[in-house]
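This report concerns only the one structure given below.
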Amino acid sequence: MNVPVTLPFLRAAPDPAPHEARLSEMALTVLVGVTGVGKSTALTVLQSATTGMKVLPDRREITDAVMIWPRSGGPVSDREERFRLTAEYRAEHPGGMAHALGTVLADTRHWGQQPVFDGLRGLEEVQHAASHFPAWRFVALGAPDLVRVRRLLGRADAFDQVGGSTGQDLGRMLSELRGVQDVFTAAELEQLAALTHEGFTAADILAKVKIVVSERRNYDPRAAEQFLRTLPPERALVLDTVALDPAGVAARVVAWAGAQA
């Protein structure tokens, strides 16, 4: 029997208790970025520092509890299937994850008044959050798609699973991926295929490239970043995770969030 996903000190309910507040009304710091840009690493540094910042359950956990489980009745690990289910949710609820997060009540005795969330993706989610939740602030983290693939190859995350098999001609299989030409140039695909010479398997390379391409079909990180640059500086911070290491990202976020508190 599958048990519904629950979230610690968070719940979906119409009326808050005296010790609760709607996340939609709290001064939430929201990280914005797709897989492999460095959000998780930066959050690890943030949580290890004495910042007092409380980090909410991440996007995966919110997605499981609010979007995936109610539709599937159980866990889903395949990324393509997860994208399909979350696309259904977005079709019914404009704003997608931003809408889902805004429906949740938080126990302020545990989360305080200014928690951090990882994270929103794409223009639709960010625009919805910025327009509907004026207390929220946004930190956009970005990295080139080639860098993202390399980071995914290096982290060996069991969550990053996409169904499919590989043959011998990795270059051909990469070029035949749906939508890959919208993300990578021919020269970049050659670089990706050449990663087998660095010890990565063809199957792993293909799986990670599928993740990056699939995300780009569903979320446009460049459009989200461009939109955030139009917001007042006290509401949005845009950082390059190639130019800044995780400690540098964390330091910038802490300094910026503290200045807005």
* Asked: Side-chain contact, heavy-atom cut-off 4.5 Å: Thr35 with Val212?
  -> no

* Which atom of Lys39 lies closest to which atom of Val34, heavy atoms considered -> NZ-O, 3.4 Å

* Is it true that Asp220 and Arg222 make a salt bridge, defined as a side-chain N closer than 4.0 Å to a carboxylate O? -> no

* Considering non-hydrogen atoms only, spot the tightest contact between Phe227 and Ala130 and give its length. => CE2-CB, 3.8 Å

* To do: List the steps and the verdict of side-chain contact (heavy atoms from CB on, under 4.5 Å) for Leu105 and Leu23.
  => CA-CA 6 Å; Leu105 298 174; Leu23 288 178; over 6 Å; no

* Are the side chain of Gln226 and the backbone N or O of Ala223 linked by a donor-acceptor pair below 3.5 Å? -> no

* Asked: Is the shortest distance from a Lys or Arg side-chain nitrogen in Arg109 or Glu20 to a carboxylate oxygen in the other one below 4.0 Å?
  -> no

* Indicate, with yes or no, if Leu244 and Val147 share a hydrophobic cluster defined by side-chain heavy-atom contacts under 4.5 Å among Ile, Leu, Val, Met, Phe, Trp and Tyr. => no

* To do: Would you indicate whether the side-chain heavy atoms of Arg11 and Leu7 approach each other to under 4.5 Å?
  => no

* Nearest heavy-atom pair of Val45 and Pro246: which atoms, and what distance? -> CG2-CB, 3.9 Å

* To do: Before accepting this row, confirm whether a basic side-chain N of the pair Arg82/Asp64 lies closer than 4.0 Å to the acidic partner's carboxylate O.
  => yes

* Under 30°, 30 to 60°, or over 60°: which ring-plane class applies to Trp111 and Phe9, parallel, tilted or perpendicular? -> perpendicular

* Would you call Val116 and Val253 a side-chain contact if the rule is heavy atoms closer than 4.5 Å? -> no

* Asked: Do the rings of Tyr89 and His93 sit parallel, tilted or perpendicular, given the 30° and 60° boundaries?
  -> tilted

* To do: Please confirm whether the backbone N or O of Ser175 pairs with a side-chain atom of Gln181, one donor and one acceptor, at under 3.5 Å?
  => yes

* To do: Report yes if some heavy atom in the side chain of Leu101 is under 4.5 Å from a heavy atom in the side chain of Phe117; otherwise report no.
  => yes

* **Interatomic distance, Gln113 atom CD to Leu28 atom CG [nearest 0.5 angstrom]** => 11.5 Å

* Asked: Has the side chain of Trp256 got a donor or acceptor atom that lies under 3.5 Å from a matching backbone atom of Pro233?
  -> yes

* Grab the two heavy atoms, one from Ala224 and one from Val32, that are nearest each other, plus how far apart they are. => CB-CG1, 4.5 Å

* To do: For the pair Glu81 and Arg84, find out whether any cationic side-chain nitrogen is under 4.0 Å from an anionic carboxylate oxygen.
  => yes

* Asked: In Å and rounded to the nearest 0.5 Å, what is the OG to CG distance from Ser40 to Leu141?
  -> 10.0 Å

* To do: Please check if the side chain of His132 supplies one atom and the backbone of His128 the other of a donor-acceptor pair under 3.5 Å.
  => yes

* Asp78 side, atom CG; Leu85 side, atom CG - distance, nearest 0.5 Å -> 10.0 Å

* Any side-chain heavy atom of Met97 within less than 4.5 Å of one from Met67? -> yes

* Output the distance between atom CG (Asp15) and atom CZ (Arg22), rounded to the nearest 0.5 Å. => 6.5 Å

* To do: Using a strict 4.0 Å threshold on nitrogen-to-oxygen distance, state whether Arg217 and Glu80 make a salt bridge.
  => yes

* Asked: Is a side-chain donor-acceptor pair under 3.5 Å present for Thr241 with Arg151?
  -> yes

* Which heavy atom in Leu10 sits nearest to a heavy atom in Pro57, and how many Å separate them? -> CD1-CD, 3.6 Å

* To do: Compare all side-chain heavy atoms of Arg216 with those of Asp145 and state whether any distance is below 4.5 angstrom.
  => yes

* If you round to the nearest 0.5 Å, how far is CD1 of Ile62 from CD1 of Ile68? -> 12.5 Å

* Could you walk me through whether Val30 and Val139 pass the side-chain contact (heavy atoms from CB on, under 4.5 Å) check? -> CA-CA 6 Å; Val30 180; Val139 178; over 6 Å; no

* Asked: Under 4.0 Å between a Lys/Arg side-chain N and an Asp/Glu carboxylate O for Arg137 and Glu234?
  -> no

* Using a 4.5 Å cut-off on heavy atoms from C-beta on, say whether the side chain of Thr201 contacts that of Thr196. => no

* Asked: Glu61 side chain to Asp58 main-chain N or O, any donor-acceptor pair under 3.5 Å?
  -> yes

* Asked: Is the closest side-chain donor-acceptor distance between Gln114 and Thr29 under 3.5 Å?
  -> no

* To do: For the pair Arg150 and Glu198, evaluate side-chain contact (heavy atoms from CB on, under 4.5 Å) and give the outcome as yes or no after the intermediate values.
  => CA-CA 11 Å; Arg150 281 188 168 273; Glu198 298 182 25; 2.7 Å; yes

* **Charged tip of Arg59 within 45° of Tyr219 ring normal and under 6.0 Å** => yes

* Asked: Does any non-hydrogen side-chain atom of Arg178 lie less than 4.5 Å from one of Val213?
  -> no

* Asked: Should Arg148 and Glu215 be marked as a side-chain contact (heavy atoms from CB on, under 4.5 Å) after you check the CA-CA gap, both sets of side-chain angles, and the distance that decides it?
  -> CA-CA 12 Å; Arg148 294 174 54 212; Glu215 284 193 326; 2.6 Å; yes

* To do: Rounded to the nearest 0.5 Å, what's the gap from CG on Leu174 to CD1 on Ile205? Could you check?
  => 7.5 Å

* Atom of Pro115, atom of Met26 and distance for their closest heavy-atom approach -> CD-CE, 3.6 Å

* salt_bridge(Arg90, Glu125) N-O dist < 4.0 Å -> no

